[in-house]
Structures are given as C-alpha cells and as structure tokens.
Amino acid sequence: MSDLYESYNYEVSYRAVLNLDDSIKVFTDKDVIEVSNSISFDIEKNYKTSFNYFSVSILSDIMYGLLLEAKKENLDLQDVEGRINVNLKNPLTILDVKGYNEKAKIDKINLTIYFYLELFDKKLDDFLKKVLDNCFIYNSIKDCVNIDVKFKQIL
C-alpha cells in the first residue's frame, strides 16, 4: 500500500459566516448550505436546522451504503425507503425554561430501512453487515450515541 497521506485520509474544509439575520451560511467548494437554527420546536416554521442536517446525514449515509453495496455486488435493489426517529433528552434546557439546566443531548436514534432485494439468510446478513461497515457517518457516531438500525426486507 501507499505511504501517501491522501491514501489514508480525506480532508475537507468549510467556512461558515453568521449573517445579520442570525442564520449561518456554510460554504462548501461549490455550494452554500444555509442553517437557520440549531434546532426548531416550531412546527409552523420551515427552518433548516443543524439537528435536521445531522439526522438526515445519518439516514442518507446508510441508504447510500445499501445502494453502493448492491451495485458493487451487482444485486437488484429496489423500493428503498428509510425512517429515522431521534430522541433528544432535556429539550426544555434548549428552550431556556427556568429550572431546567440538564445538558441536552441526543439520547437514542432508531432507524429503519425498508428494501426489496432477493437475498436471504446468511447472505443477506453478511450483505447488511458490509453495508454498515462501510457507512462512515454511522461508524463515527455508533459508539457515542445509542443508535439502533433495523433493515426490513420487503418480499
């Protein structure tokens, strides 16, 4: 194997700017991601929050992992759909409610991926293990956040 740093590491950098309207613009190489808030409890507003981006990144990482592994193994993957439920502990602290000062944190993530794939038993188990082994966002957080991933095969 190569001793080149780039062979073992991929680095990206982003620059973020706080705007006058309290939104944050994060600049990537070719795009801008705007974040309106850390989290929003207002169901009437359509904020793009850090909490949303975090949750969506985990869900999409695993769904793309499923797609890429199926392509690699030349399997016919169809009808992929995912759901994520994220439990935030101590949300009243974020709202600055008097008497609540426990640290807010993501306590549990339940994630379910539904899919159609003609693979069964040990071959399916091995395939799904490879999927999770290759999901870098999942692997980065699985030891610090209680995350439960379920795959449901549609037949």
Side-chain angles (χ1 to χ4, degrees), residues 1-40 46-91 94 103-155:
M1 286 301 279
S2 173
D3 287 338
L4 284 174
Y5 178 81
E6 292 82 5
S7 297
Y8 299 98
N9 298 280
Y10 174 71
E11 292 184 9
V12 295
S13 297
Y14 302 102
R15 183 173 73 86
V17 176
L18 178 63
N19 295 314
L20 294 175
D21 66 355
D22 292 341
S23 68
I24 295 174
K25 284 190 177 177
V26 181
F27 297 90
T28 68
D29 288 341
K30 298 189 182 338
D31 198 7
V32 176
I33 300 170
E34 190 156 349
V35 181
S36 304
N37 209 326
S38 179
I39 189 169
S40 175
N46 188 19
Y47 289 124
K48 294 179 181 175
T49 69
S50 302
F51 185 71
N52 295 133
Y53 282 119
F54 175 80
S55 302
V56 168
S57 71
I58 299 161
L59 179 59
S60 59
D61 180 48
I62 294 173
M63 290 178 74
Y64 271 116
L66 190 64
L67 174 67
L68 295 173
E69 193 62 35
K71 282 184 178 182
K72 190 186 312 178
E73 296 191 22
N74 205 22
L75 297 170
D76 185 24
L77 177 69
Q78 299 176 24
D79 301 327
V80 180
E81 184 176 321
R83 297 192 54 85
I84 188 168
N85 180 285
V86 183
N87 181 292
L88 178 66
K89 279 286 190 202
N90 303 314
I94 296 171
K103 290 182 182 174
K105 71 174 212 150
I106 294 172
D107 185 56
K108 178 141 179 73
I109 298 171
N110 290 310
L111 197 144
T112 306
I113 305 289
Y114 302 89
F115 64 95
Y116 176 84
L117 181 66
E118 290 188 18
L119 205 60
F120 303 99
D121 303 321
K122 178 148 174 39
K123 286 186 179 184
L124 178 63
D125 292 342
D126 292 345
F127 172 80
L128 295 174
K129 182 181 180 328
K130 278 193 249 178
V131 167
L132 289 180
D133 285 348
N134 292 324
C135 291
F136 67 94
I137 295 174
Y138 168 78
N139 286 314
S140 298
I141 67 164
K142 71 179 182 179
D143 294 330
C144 58
V145 175
N146 184 1
I147 182 167
D148 181 33
V149 178
K150 288 186 174 80
F151 290 100
K152 301 245 177 159
Q153 188 177 24
I154 303 165
L155 297 174

Atom [atom1] in [X], atom [atom2] in [Y]: separation rounded to 0.5 Å?
X	Y	atom1	atom2	answer
Phe115	Leu124	CZ	CG	5.0 Å
Ile62	Ile113	CD1	CD1	6.0 Å
Phe27	Ile33	CZ	CD1	11.0 Å
Ser55	Asn85	OG	CG	9.5 Å
Ile58	Leu111	CD1	CG	7.5 Å
Lys108	Asn146	NZ	CG	4.0 Å

Determine whether [X] and [Y] make a side-chain contact, defined as any pair of heavy atoms from C-beta on separated by less than 4.5 Å.
X	Y	answer
Tyr53	Val26	no
Asp79	Tyr114	no
Tyr64	Ile137	no
Val86	Phe54	no
Glu73	Lys130	yes
Ile106	Ile141	no

Of Val80, Leu75, Leu66, Leu128, which is the lone residue that meets side-chain contact (heavy atoms from CB on, under 4.5 Å) with Leu117? Leu75
Tell me the closest heavy-atom pair linking [X] and [Y], and the distance in Å.
X	Y	answer
Asn90	Lys103	ND2-O, 3.0 Å
Arg83	Leu59	N-CD1, 3.9 Å
Ser23	Ser36	CB-CA, 4.4 Å
Glu34	Asn19	OE2-ND2, 4.4 Å
Leu88	Lys105	CD1-O, 3.3 Å
Gly82	Met63	N-CE, 3.8 Å

Here the salt bridge (charged side-chain N to carboxylate O under 4.0 Å, His left out) pairs for residues 142-155, sequence neighbours left out, are Asp148-Lys150
Quick check: are there more than 12 heavy atoms from other residues, nucleotides or ligands sitting under 6.0 Å from [atom1] of [X]?
X	atom1	answer
Asp21	CG	yes
Leu155	CG	yes
Asn9	CG	yes
Asn46	CG	no
Phe120	CZ	yes
Phe127	CZ	yes

Asp125: side-chain hydrogen bond (donor to acceptor under 3.5 Å, both in side chains) partners, not counting sequence neighbours: none
Any donor-acceptor pair under 3.5 Å from Asn139 side chain to Cys135 backbone: yes
Give a yes or no on whether the backbone of Leu119 and the side-chain of Gln153 come within a donor-acceptor separation of less than 3.5 Å. yes
Determine whether Gln78 and Asp76 satisfy the following criterion, side-chain hydrogen bond (donor to acceptor under 3.5 Å, both in side chains), listing intermediate values before the conclusion. CA-CA 6 Å; Gln78 299 176 24; Asp76 185 24; 2.6 Å; yes
Mind running side-chain contact (heavy atoms from CB on, under 4.5 Å) on Val131 and Tyr138 for me, showing each step along the way? CA-CA 10 Å; Val131 167; Tyr138 168 78; over 6 Å; no
CA sep, side-chain torsions, deciding dist, call: Asn52, Thr49, side-chain hydrogen bond (donor to acceptor under 3.5 Å, both in side chains): CA-CA 5 Å; Asn52 295 133; Thr49 69; 2.6 Å; yes
Side chains of Glu6 and Tyr8: donor-acceptor distance under 3.5 Å anywhere? no
